[in-house]
Amino acid sequence: MSQTANTAIDLIGIPCDAGASRRGCIMGPEAMRIAGLADVLADLGHTVAERGDIELGGATESPAWQTPDSRKAEVLALAARSSQLALETLQEQRLPVFIGGDHSLSMGTLSGVAKHCAAINKPLFVLWVDAHGDFNTPATSETGNIHGMPLALLCGEPDFGPEYSGDWRGSVDPRNVTVFGARSIDRPERQLLEDRGVDVIDMRRIDESGVVALMRDVLAKVEQADGHLHVSLDVDVIDPGIAPGAGTPVAGGLSFREAHLVMEMIHDSGTMGSLDIVELNPYLDNGGMSARLLVDLTASLFGRQIMPRQSRRLGIEATTRGI
């Protein structure tokens, strides 16, 4: 399922901050709704189903923050549920948009996507649009925060205990993963990323080569393989000067135009089949500034254009607009 002129979209909230270093992401899904996410997508001609938030049944916020074990239990319970929902949504030929919530939620969402792709024998590619690599393990992480570990788990790193296993868990080929916009990676994490063949496009490469050339190469690989692209968009990939609502901000991120251009190129490629929008912390935001920007970026991802134009296949005509 890829985005088209009229895509059937399921919006699924995952209000979770148990995997994060700061509280507040639990309010992210509601902030995105208040910023008008569903209305914007519907105005673009898509059919949008608001599926509400994943609930764990009887769980409350406070116990999850009492101990690391209780927080991990919440993350893993959400992973099992979100994996199931991702799989079911894709089987129904609808495009799942998961709104969070900290980045630990991708352990489940991407697992469900991976299981679906394996079942239909379709190559899975992951575009991790993030200031961080999220490739730490329990053995390498300096903080122990699970939102810095989802890619390592999904790519099969062995340092995770048996509690991270289960029928819900899928697997991702690290050679099909691109981290885009990175500028804060721990030393052990950096070594793992290099050893596993993950393509890390850091801000140095973006500064040197520009968004267009780099994104064209990433998307061409997906297109040539007739693959399914899962996009995981972390608000902290954007410069905190224009997106302050991030729990782990890092200076020097993507500009407004760079971020929109990335989204527009993904849409033009027609390869995206699932999406996470994560790490929005309304408590740290400035009057909804980051929430509105994320809604606008999602609109670009689903076809909003400055001027109408025909879709272009990658490699036929390159965009020449400035950033």
Side-chain angles (χ1 to χ4, degrees), residues 1-16 28-55 78 81-101 103 105-106 108-117 119-120 122 124-129 170 219 222-223 227-235 259-260 262-280 290-305 308 311:
M1 180 74 197
S2 300
Q3 80 272 30
T4 61
N6 183 2
T7 300
I9 300 170
D10 279 6
L11 295 181
I12 303 167
I14 308 181
C16 173
E30 191 60 23
M32 291 283 289
R33 293 186 180 103
I34 292 171
L37 179 60
D39 291 340
V40 165
L41 294 175
D43 287 345
L44 290 169
H46 303 296
T47 303
V48 181
E50 172 57 78
R51 299 284 298 273
D53 291 340
I54 293 178
E55 296 182 358
L78 285 169
R81 180 67 180 128
S82 59
S83 176
Q84 178 186 6
L85 283 172
L87 181 60
E88 291 173 354
T89 302
L90 289 167
Q91 287 174 338
E92 295 169 1
Q93 298 190 21
R94 302 178 64 85
L95 192 153
V97 175
F98 292 95
I99 47 179
H103 222 153
L105 66 85
S106 295
T109 62
L110 188 47
S111 283
V113 173
K115 290 169 69 71
H116 171 75
C117 289
I120 65 173
K122 193 174 184 71
L124 170 62
F125 293 80
V126 178
L127 182 59
W128 202 262
V129 190
L219 296 170
V222 185
E223 190 175 281
H228 175 118
L229 179 65
H230 178 86
V231 177
S232 200
L233 173 61
D234 189 320
V235 68
H260 272 285
V262 169
M263 301 300 112
E264 291 164 1
M265 292 184 71
I266 294 170
H267 171 264
D268 289 351
S269 76
T271 57
M272 189 188 74
S274 47
L275 171 67
D276 301 326
I277 308 170
V278 304
E279 295 285 354
L280 173 63
S290 306
R292 291 193 300 272
L293 176 55
L294 285 173
V295 168
D296 284 344
L297 290 173
T298 307
S300 291
L301 192 52
F302 281 91
R304 178 185 282 172
Q305 302 172 357
S311 295

Approximate separation, where rounding is to 0.5 Å, of D268 CG and L219 CG: 9.5 Å
Heavy-atom check, side chain of L233 versus side chain of L294, under 4.5 Å: yes
For the student: nearest non-hydrogen atoms of A291 and A31, plus distance: CB-O, 4.0 Å
Nearest heavy atoms of L44 and G303, plus distance in Å: CD2-C, 4.4 Å
Residue list, side-chain contact (heavy atoms from CB on, under 4.5 Å) with S83, at least two apart or on another chain: S111, K115, W168
Donor-acceptor contact below 3.5 Å, side chain E279 vs main chain H103: yes
Contact check, side chains of L105 and C16, non-hydrogen atoms, under 4.5 Å: no
Sub-4.5 Å side-chain heavy-atom contact between T271 and F125: no
Heavy-atom pair of closest approach, residues D53 and I14: OD1-N, 4.5 Å
Contact check, side chains of F98 and V113, non-hydrogen atoms, under 4.5 Å: no
Side chain to side chain donor-acceptor pair (under 3.5 Å) against E50, all qualifying residues, sequence neighbours excluded: R33
L110 side chain reached by W128 side chain, heavy atoms, under 4.5 Å: yes
OG-CE distance between S290 and M32, expressed to the nearest 0.5 angstrom: 10.5 Å
Interatomic distance, E88 atom CD to E92 atom CD [nearest 0.5 angstrom]: 6.5 Å
Candidate pair D276 and H230, rule side-chain contact (heavy atoms from CB on, under 4.5 Å), full reasoning: CA-CA 8 Å; D276 301 326; H230 178 86; 2.8 Å; yes
Separation between CG of D234 and CG of L280, rounded to the nearest 0.5 Å: 10.0 Å
Nearest heavy atoms of S274 and H228, plus distance in Å: OG-NE2, 2.9 Å
Step-by-step side-chain contact (heavy atoms from CB on, under 4.5 Å) determination, M272 to L95: CA-CA 9 Å; M272 189 188 74; L95 192 153; 4.3 Å; yes
Close side-chain approach of T89 and I12, heavy atoms under 4.5 Å: yes
Minimum heavy-atom distance A86-G112, with the two atoms named: CB-CA, 4.0 Å
Shortest non-hydrogen separation from I99 to P29 and the atoms involved: O-CG, 3.3 Å
S269 side chain to I266 backbone, donor-acceptor under 3.5 Å: yes
Test salt bridge (Lys or Arg N to Asp or Glu O under 4.0 Å) applied to D10 - qualifying residues, sequence neighbours left out: R51, R94
Close side-chain approach of R304 and V40, heavy atoms under 4.5 Å: yes
L297/I277 under side-chain contact (heavy atoms from CB on, under 4.5 Å): CA gap, chis, key distance, verdict: CA-CA 10 Å; L297 290 173; I277 308 170; over 6 Å; no
Close side-chain approach of H260 and L293, heavy atoms under 4.5 Å: yes
